[in-house]
Amino acid sequence: MNRRKFLATSSTLAIGATSSIAASNPSLQTPYKSDVLTVAHLTDVHIRPEENIPDRAKDWVKLVKNHHPDFYLNGGDSIHDASYDGVTRGRMLAQWEVWDQFRAGLQDAKVYSCIGNHDPWWDAPSKEDEMYGKDYVVNRLKMPAPYYSFDENHWHFIILDGNHKDISLGDEQMKWLEDDLDVLAAGTPTLIMSHFPITSITNDLVGGQHSDHKELKTLFYKHKDKVRVCLSGHQHLLDRTWYNDVHYFCNGALSGFWWGDGDEHSAGKQYYLETPPGYAILKLHPDGRVENEYFPLT
């Protein structure tokens, strides 16, 4: 199996961390095998009932489990699509039911998720419907909120919701992010995950990155002793961008070409453009160094 491995280095040392979730609940503190965190990044699963996709997805997640990650980061677009006009309640629920089957394969693992643009159901009869929009996704994925942060071992993690106007955080979430970074101890290595790329070469190819990327770039520079890496999906493309000592990894898609064979632009079967389906394994070191390795599945 060909593997693509990126090593990000930094001289910044982690000297402490504050927590939004774990520190206030000692039961969530996990004794790890080593100081290096092993994290699996799965994104754009796009699961649906047809074409034997649930079994194919479960077979592939078994390969991810062989890396024995300490926990999983789910980058959004967990289900194939509930966002388009005309999606019925039954169709939306059928997709979430097979997601639950997929998630059962990780039942003993911690999974931290973010919301993809295809996850929310907008065509409900009314906004008061309990399954309408992002709140239902938050509940279904067992997220504490549409955006949140937590600590694991020496690292701080921030999960963002880019599903606002023009792919952005909006004013309220941006203020929350500023506050979350402000209260961190100096030198706390921090990973940020959004479904959409914040900064990415893939934007020149297919569009789709955060429209507030300049504001986020400025904020990250203010906290350049903390922000080490940003993860994304959405593009189904593999990309690494480095700027101001922040490493931006767009880590393909488990579904590849949405579980299909591809099209005339695909470099191989199930590829989207030149990227095969796959997942990433990250090694997060206490001193802020990051290894991001992509494992193609073909």
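This structure is a prediction, so every number in the text was calculated from the model and none was measured. Values below: all heavy atoms of this structure, side chains included; hydrogens, waters and symmetry mates excluded.
Taking the side chain as every heavy atom from C-beta outward, I158 and T190 approach each other to under 4.5 Å. Using a 4.5 Å heavy-atom threshold, the side chains of T43 and M193 count as separate. In this structure the side chain of S266 never reaches within 4.5 angstrom of the side chain of L273, judged on heavy atoms. Within the 4.5 Å cutoff, side-chain heavy atoms of L237 are placed close to those of V206. Between Y248 and R240, the closest side-chain pair of non-hydrogen atoms is not below 4.5 Å. Counting heavy atoms from C-beta outward, W99 and R48 have side chains that stay 4.5 Å or more apart. No side-chain heavy atom of I159 sits under 4.5 Å from any side-chain heavy atom of Y147. Contact of the F150 side chain with the W155 side chain is not registered, since no non-hydrogen atoms from C-beta on lie closer than 4.5 Å.
Closest non-hydrogen pair, Y243 versus K217, comes out as CE2-CG, 3.7 Å. Taking each heavy atom of P49 and P54 in turn, the nearest pair found is O-CD, 3.7 Å. In terms of heavy atoms, D123 sits closest to G86 at OD2-N, 2.7 Å. The nearest pair of heavy atoms linking W96 to L141 is CZ3-CD2, 3.7 Å. The two residues Q209 and H213 make their nearest non-hydrogen contact at NE2-CD2, 3.4 Å. The nearest pair of heavy atoms linking L181 to K226 is O-NZ, 2.7 Å.
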Next on the checklist: Using the rule given for salt bridge (Lys or Arg N to Asp or Glu O under 4.0 Å), can you reason through R56 versus D59, listing the C-alpha separation, both sets of side-chain angles and the distance that settles it, and then say yes or no?
Outcome noted: CA-CA 5 Å; R56 292 160 63 190; D59 286 344; over 6 Å; no
Item to check | Chi angles and distances behind the salt bridge (Lys or Arg N to Asp or Glu O under 4.0 Å) call for R140, D119 | outcome: CA-CA 10 Å; R140 197 76 190 227; D119 295 325; over 6 Å; no
Next on the checklist: Apply side chain to side chain contact (heavy atoms under 4.5 Å, CB included) to residues L177 and L160 and explain how you reach the verdict.
Outcome noted: CA-CA 9 Å; L177 177 60; L160 298 177; 4.2 Å; yes
Checklist entry - Is there a ring pair (Phe, Tyr, Trp, His ring centres under 6.0 Å) between H67 and F295 once you walk through the steps? => result CA-CA 11 Å; H67 297 274; F295 290 81; 4.4 Å; yes
Item to check | Intermediate values then yes/no, ring pair (Phe, Tyr, Trp, His ring centres under 6.0 Å), W259 and H80 | outcome: CA-CA 10 Å; W259 299 103; H80 182 63; 9.9 Å; no
Next on the checklist: I'd like to know whether V45 forms a side chain to side chain contact (heavy atoms under 4.5 Å, CB included) with I79, so could you lay out the CA-CA distance, the side-chain angles of the two residues, the decisive distance to 0.1 Å, and finally the verdict.
Outcome noted: CA-CA 7 Å; V45 177; I79 61 172; over 6 Å; no
Next on the checklist: Would L231 and L282 count as a side chain to side chain contact (heavy atoms under 4.5 Å, CB included) here? Give the steps.
Outcome noted: CA-CA 10 Å; L231 298 182; L282 291 95; 3.9 Å; yes
Checklist entry - How far apart are the C-alpha atoms of D55 and F102, what are their side-chain angles, what is the distance that settles it, and do they pass the side chain to side chain contact (heavy atoms under 4.5 Å, CB included) test? => result CA-CA 8 Å; D55 287 338; F102 175 80; over 6 Å; no
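A salt bridge links D182 with K222: the distance from a Lys NZ or Arg NE/NH1/NH2 to an Asp or Glu carboxylate oxygen falls below 4.0 Å. At a threshold of 4.0 Å, the pair R103-E97 does not count as salt-bridged, since none of the basic side-chain nitrogens sits closer than that to a carboxylate oxygen. We find that E293 and K283 are not joined by a salt bridge, their nearest charged nitrogen and carboxylate oxygen being 4.0 Å or further apart. Ionic pairing of D129 and R89 is present here: one or more N-O contacts between side-chain nitrogen and carboxylate oxygen are shorter than 4.0 angstrom.
Residue D179 places its CG atom among more than 12 non-hydrogen atoms of other residues, nucleotides or ligands, all under 6.0 Å distant. The environment of CD in E50 is crowded: more than 12 heavy-atom neighbours from other residues, nucleotides or ligands sit within 6.0 Å.
V39 is connected to W60 through a chain of hydrophobic side-chain contacts under 4.5 Å among Ile, Leu, Val, Met, Phe, Trp and Tyr, so both are in one cluster. One hydrophobic cluster, built from ILVMFWY side chains closer than 4.5 Å, holds both V111 and L37. A continuous path of ILVMFWY side-chain contacts below 4.5 Å connects I281 to L42, so both sit in one hydrophobic cluster. Under a hydrophobic-cluster definition in which Ile, Leu, Val, Met, Phe, Trp and Tyr are linked whenever side-chain heavy atoms come within less than 4.5 Å, directly or via other members, Y221 and I198 are assigned to different clusters. By the rule that hydrophobic residues join a cluster once side-chain heavy atoms approach within less than 4.5 Å of another member, L216 and L184 end up as members of one cluster.
Ring geometry for H247 against F249 counts as parallel: the plane angle stays under 30°, on a 0 to 90° scale with 60° as the upper cut. Using the six-membered ring where Trp is involved, Y132 and W122 have ring planes that are perpendicular, over 60° apart on the 30 and 60° scheme. Between Y148 and Y112, the ring planes are tilted. Angles from 30° to 60° get that label.
In this structure, T88 contributes its side chain and R91 its backbone to a donor-acceptor pair below 3.5 Å. Side chain of D151 to backbone of H154: no donor-acceptor contact under 3.5 angstrom is found. Side-chain atoms of K62 never come within 3.5 Å of backbone atoms of G105 as a donor-acceptor pair (strictly under, hydrogens ignored). A donor-acceptor pair under 3.5 Å is formed between the side chain of D263 and the backbone N or O of H265. Of the possible polar contacts, none joining the T275 side chain to the Y271 backbone as a donor-acceptor pair under 3.5 Å is found. A donor-acceptor pair is defined here as one N or O able to donate and one able to accept, closer than 3.5 Å; such a pair exists between the side chain of S211 and the backbone of I167.
For the residue pair H210 / S194, a side-chain donor-acceptor distance below 3.5 Å is found, with atom types taken as modelled. Using modelled atom types, one finds no donor on one side chain facing an acceptor on the other under 3.5 Å when comparing H234 with D44. A donor atom on one side chain and an acceptor atom on the other are found under 3.5 Å apart for S200 and D239. Using modelled atom types and a 3.5 Å distance limit, the side chains of D180 and H156 yield a donor-acceptor pair. For the residue pair H195 / H118, no side-chain donor-acceptor distance below 3.5 Å is found, with atom types taken as modelled. Between D212 and S168, the side chains place no donor N or O within less than 3.5 Å of an acceptor N or O (distance only, hydrogens not considered). At a cut-off of 3.5 Å, with distance as the only test, a side-chain donor of E291 or H285 sits close to an acceptor on the other residue. Looking only at atom types and distance, the side chain of D35 has no donor-acceptor partner in the side chain of N153 under 3.5 Å away.
In this structure, the separation between NZ on K224 and CG on L219 is 13.5 Å, given to the nearest 0.5 Å. One distance of note links CH2 of W258 with NE2 of H46; it measures 7.0 Å at 0.5 Å rounding. Residue K269 holds its NZ atom at 13.5 Å from CZ of F257, rounded to the nearest 0.5 Å. Atom NE2 of H164 and atom CG of D161 lie 4.0 Å apart (nearest 0.5 Å). Rounding to the nearest 0.5 Å places CD1 of I192 at 12.5 Å from SG of C114.
Taking the six-membered ring wherever Trp is involved, the centroid distance between the rings of Y72 and Y279 does not fall below 6.0 Å.
For the side-chain contact (heavy atoms from CB on, under 4.5 Å) criterion with W121, the lone passing option out of K134, Q95, M92 is M92.
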